[in-house]
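Beneath this line is the structure, given in structure tokens, with notes to follow.
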Amino acid sequence: MNCTRRIPLRYYSTASLSTYHFNQRIGYLKNGSGATKVDDALQLFDEMLQRKPSPSIIKFTQLISVIVKEKQYSTALMLLKQMKLMGIPANIYTINISINCHCRLDQVAYGFALLATILKQGHQPDLVTYNILINGLVLADGVFEAVELFKKLLSEKVCEPDQITFGTVINGLCKAGHTSKALELLRFMESVSCKCKPYVEHYNAVIDSLCKDKMVDRALELFAMMTQKGVIASVITYNSLIHGLCNFGRETEAAQMLRDMEEEGVSPGVDTFTILVDSFCKKGSVKDAELTIQAMLRRGLHPNVITYNALIDGYCLRGEVDDAEKVIDRMMERDIVPDIITYSRLIDGYCKKKRIDKAMRLFQEIQDKGLIPNVVTYSSMLQGLFESGNPAAASELFNQMQAKGLAPNVCTYRILFHGMCNNSQCTDALALFRSLESNELMEDVGLYNILIDGCSKCGNPNMAMDLFDELCLKGLKPNVRTYTVMINRFCQEGLFGKAKELLRKMEENGCLPNSVTYNVLVQELLKKNECQEAEIFLEEMINRGFMPDHATFENLLVRIPNVGEDSRLRTIVLKLTSVERKDGRT
DNA sequence: ATAGGGTTAG
């Protein structure tokens with residue numbers, strides 16, 4: 001490393017300097033991180049190809065590897081072809097690169113064709129070839145085919161799988177949601193019959209997958225088992241576990257995990273603390289989030305844009321949008337450039353506080369700064385405009401976003417249809433829904449819920465009913481919101497029989513009513529003075545652990561004077577009020 | 001120093 005200075009290109013055309021300086025330049029490309037990396041590599045490739053005698057094939061493979069690492073697979077294949085045309089013979093290394101590139105270009109079948117060619121020409125594919133193909137199958141969503149090939153290697157003793165083979169299969173299984181299969185394979189690696197022992201990375205994949213599958217306790221068990229076997233956890237292991245714990249409101253254990261990792265000599269990173277900041281913010285404890293940021297600063301770790309965005313989200317969630325905006329100043333002080341996500345959240349915060357003028361000003365300002373609003377930014381603005389009673393401006397913005405080439409997503413359409421229906425435009429909303437061509441949108445139960453509810457509210461109960469039937473006919477599963485909206489619709493029309501029928505039917509279909517479902521039903525029954533029916537469902541909901549909400553409770557109190565001294569309704573109300581007093585609430 | 005898997009935070 002005594003000569004890392006860049007040497008002008010023209011010196012390389014003199015033969016005397018060739019091999020040594022080719023090595024130098026390949027070295028630069030491998031370690032460097034310039035924007036011209038690929039172009040420089042191509043330039044060097046041409047020079048090497050013209051050099052007589054040809055540099056060793058090793059130099060060429062090193063150079064092409066640079067291109068592959070930059071994910072320029074087509075380019076890499078083109079270079080291999082050029083080498084072939086120049087009469088440089090392929091070897092197992094170049095063939096493996098070629099197979100890998102085809103796999104990465106979603107041409108795994110071509111990769112297998114190359115394998116057949118190798119065999120026909122009497123060459124031997126090696127373990128790397130199989131690892132590449134197994135990964136190719138995983139990338140092509142064929143994890144079970146990957147497992148088949150893996151098993152074939154074992155059973156036919158083609159070659160002995162190594163850590164990479166196991167890692168590829170385990171990761172593939174986890175990514176495809178087959179965590180238990182991945183765990184099985186990990187167990188096999190641990191067993192005496194397997195020569196290949198698992199590394200921390202193998203455990204990490206399964207631990208993370210278990211956490212994502214909401215099986216945090218099993219992840220913790222595996223973590224304990226791994227430690228017991230002497231495998232040292234990495235910062236990634238801890239991050240996955242801390243994230244998993246936080247997702248289930250187990251912040252105390254997560255904080256303990258943080259102490260544990262430091263005790264074990266594993267330093268938490270910015271990402272570790274950011275997980276905690278985000279989690280505290282999501283549950284509304286911005287104070288704890290701020291304390292976490294102080295803790296990371298004490299350790300010399302610098303919060304980044306993701307950390308601060310989480311914090312901004314936290315303040316917005318509490319409706320403290322002015323405090324959220326102050327976070328931007330703190331970011332600037334630390335030379336952290338707010339990105340479009342930062343501003344999108346702030347804009348959303350202002351919209352939710354109905355401060356649409358402020359949101360619009362910010363929306364304009366960021367564009368003046370050169371930031372490009374994304375679908376999320378537009379969707380927030382759309383919601384803000386609808387909720388501030390400006391549907392005309394909302395639809396103009398919707399057209400504007402499409403004119404800018406941004407495709408609305410499911411959330412955008414949910415906001416749009418909800419806003420339109422609230423402004424008596426359910427017919428237009430429905431017409432727009434009919435014109436959608438994306439299956440993802442046409443099969444979104446959430447969109448149906450909004451339209452069903454919207455049509456009911458616009459005074460089109462029959463259209464709502466048709467949409468519900470259509471949803472079922474499509475084979476889509478109505479969810480608890482769908483049923484609640486329909487029950488509400490029946491109640492509004494005084495069709496309590498139908499409402500009750502649907503309540504039973506939803507349970508038969510494996511969809512349990514929630515607090516909202518019961519509140520809607522009981523409230524409507526009370527409003528229509530169906531006190532006895534209301535009593536039945538009130539008892540049922542309380543037995544299931546649901547409480548009447550504020551609106552239901554008001555309706556209840558209004559009815560009390562109308563019912564007898566020893567009525568069940570009165571008893572329920574008395575019981576409820578005493579329970580609430582015990583809670584310390586009023 | 002010729003080829004292959006790991007992607008934990010918004």
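Chain naming here is simple, since letters A, B, ... match the order of the sequence lines and numbering starts at 1 in each.
- With sequence neighbours excluded, the residues forming a side chain to side chain contact (heavy atoms under 4.5 Å, CB included) with Q256(A) are R259(A), D260(A), listed by chain and number.
- Side-chain to base pairing of D339(A) with dG10(B): one donor and one acceptor N or O lie within less than 3.5 Å of each other.
- Taking R187(A) as the reference, E190(A) meet the salt bridge (charged side-chain N to carboxylate O under 4.0 Å, His left out) condition, with sequence neighbours excluded.
- Counting atom types as modelled, D271(A) pairs no side-chain N or O with a base atom of dA9(B) as donor and acceptor under 3.5 Å.
- Contacts of residues 284-303 of chain A with DNA chain B (heavy atom under 4.0 Å): none.
- Pairs passing the ring pair (Phe, Tyr, Trp, His ring centres under 6.0 Å) check and including a residue from residues 64-121 of chain A, sequence neighbours excluded, read H102(A)-Y110(A).
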Hey, can you pull the donor-acceptor pairs under 3.5 Å for the side chains in residues 303-312 of chain A, sequence neighbours left out?
{"unit_1": "N304(A)", "atom_1": "OD1", "unit_2": "I306(A)", "atom_2": "N", "d": "3.0"}
{"unit_1": "N304(A)", "atom_1": "OD1", "unit_2": "T307(A)", "atom_2": "N", "d": "3.1"}
{"unit_1": "N304(A)", "atom_1": "OD1", "unit_2": "T307(A)", "atom_2": "OG1", "d": "3.0"}
{"unit_1": "T307(A)", "atom_1": "OG1", "unit_2": "T274(A)", "atom_2": "OG1", "d": "3.0"}
{"unit_1": "T307(A)", "atom_1": "OG1", "unit_2": "N304(A)", "atom_2": "N", "d": "3.0"}
{"unit_1": "T307(A)", "atom_1": "OG1", "unit_2": "N304(A)", "atom_2": "O", "d": "3.4"}
{"unit_1": "Y308(A)", "atom_1": "OH", "unit_2": "R334(A)", "atom_2": "NE", "d": "3.4"}
{"unit_1": "N309(A)", "atom_1": "OD1", "unit_2": "T342(A)", "atom_2": "OG1", "d": "2.7"}
{"unit_1": "N309(A)", "atom_1": "ND2", "unit_2": "V305(A)", "atom_2": "O", "d": "3.4"}
{"unit_1": "N309(A)", "atom_1": "ND2", "unit_2": "D339(A)", "atom_2": "OD1", "d": "3.3"}

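- Residues from residues 72-84 of chain A lying near DNA chain B, meaning a heavy-atom separation below 4.0 Å, are absent.
- Residues F60(A) and F45(A) place their aromatic rings such that the two centres sit under 6.0 Å apart.
- Evaluation of the salt bridge (charged side-chain N to carboxylate O under 4.0 Å, His left out) rule for K283(A) yields E251(A) as partners, not counting sequence neighbours.
- The salt bridge (charged side-chain N to carboxylate O under 4.0 Å, His left out) pairs that include a residue from residues 154-168 of chain A are E160(A)-K195(A), where partners are two or more places apart or lie in different chains.
- Shown here are the salt bridge (charged side-chain N to carboxylate O under 4.0 Å, His left out) partners of E365(A), two or more places apart in sequence or in another chain: there are none.
- Set against dG5(B), dT8(B), dT7(B), the side chain of N239(A) has dT8(B) as its closest nucleotide.
- Interface residues of residues 112-129 of chain A facing DNA chain B, ordered by number: D126(A), L127(A), V128(A); criterion, heavy-atom separation under 4.0 Å.
- Residues of residues 340-347 of chain A that place a heavy atom closer than 4.0 Å to DNA chain B, in numerical order, are I341(A), R345(A).
- A distance of 6.0 Å or more separates the ring centres of F223(A) and Y203(A).
- With hydrogens and angles ignored, no donor-acceptor pair under 3.5 angstrom links the side chain of N91(A) to the base of dA3(B).
- Residues forming a side chain to side chain contact (heavy atoms under 4.5 Å, CB included) with L397(A) (at least two apart in sequence, or on another chain): F363(A), Y378(A), M381(A), L382(A), L385(A), Q400(A).
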